[in-house]
Amino acid sequence: MSSRREPKLRISKSPSAQRDASIRRTILRIPRGKVATYAQVAAAAGYPLYHRQVVQLLRKSGDLLPWQRVVGAGGEIRLKRDMAHEQRTRLEMEGVKFRGRRVAMENHQHVFRTWEL
DNA sequence: ATCCTGACCCAAG
DNA sequence: GCTTGGGCCAGGA
């Protein structure tokens, strides 16, 4: 039996859906009071060069995630105007301290575990 | 297919 | 500190 076009039923998710799921889980691992950068999230999710996709995902469905814990390289907030202020406020509410415009990464950088237990 | 954009990143100057 | 240019990627027009 050979059929030229098999996958009537999609057993595995499309690569992009799988990627989004992984990125989501990764963001959910960031605890209160800690932050990670877009690139770190992408890498920890298993997609080292996909920091921009982290952004896309947050733009689309960030409201379901602790989006405030994802920041730009060096701890800089990359949103603009109102949203930037919103993110800073949310972070400060979690006890995150700032040095100028950047998050004090020495204290709040979340380090993802690459091996479990 | 091309062009543009985005909550990006990094090395240079 | 700053700006610039190049690199990276997917999605939408």
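Quick note on labels: first sequence line is chain A, next is B, and so on, each numbered from 1.
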For this session: In plain terms, say whether A/Glu94 and A/Lys34 are close enough for a salt bridge, that is, a side-chain N and a carboxylate O under 4.0 Å apart.
Result: no

Problem set entry | Spacing of A/Arg102 atom CZ relative to B/dC8 atom C1', expressed in whole Å | 15 Å

Seminar exercise, completed: With sugar-phosphate taken as primed atoms, P, OP1 and OP2 and all else as base, the protein-contact string of nucleotides 8-13 of chain C at under 4.0 Å (heavy atoms; B, S, -) is BBBS--

Problem set entry | Cluster check A/Leu49, A/Tyr47: I/L/V/M/F/W/Y, side chain < 4.5 angstrom | yes

Exercise. Does CZ in A/Arg90 sit with more than 12 non-hydrogen atoms of other residues, nucleotides or ligands closer than 6.0 Å?
Worked result: yes

For this session: Using side chain to side chain contact (heavy atoms under 4.5 Å, CB included) as the criterion, point out the one residue from A/His85, A/Gln87, A/Glu86 that pairs with A/Thr89.
Result: A/His85

Exercise. Among residues 64-87 of chain A, which contact DNA chain B at a heavy-atom distance under 4.0 Å?
Worked result: A/Trp67, A/Gly72, A/Ala73, A/Arg78, A/Leu79

For this session: Taking atom types as modelled, find out whether A/Gln109 and A/Gln40 have a side-chain donor-acceptor pair closer than 3.5 angstrom.
Result: yes

Problem set entry | Check: A/Arg24/A/Ser61 side-chain N/O donor and acceptor closer than 3.5 Å | yes

Problem set entry | Check ion pair A/Glu92-A/Lys97 (N to O, under 4.0 angstrom) | no

For this session: Return yes if some donor-acceptor pair links the side-chain N/O of A/Arg102 with the main-chain N/O of A/Gly74 below 3.5 Å, else return no.
Result: yes

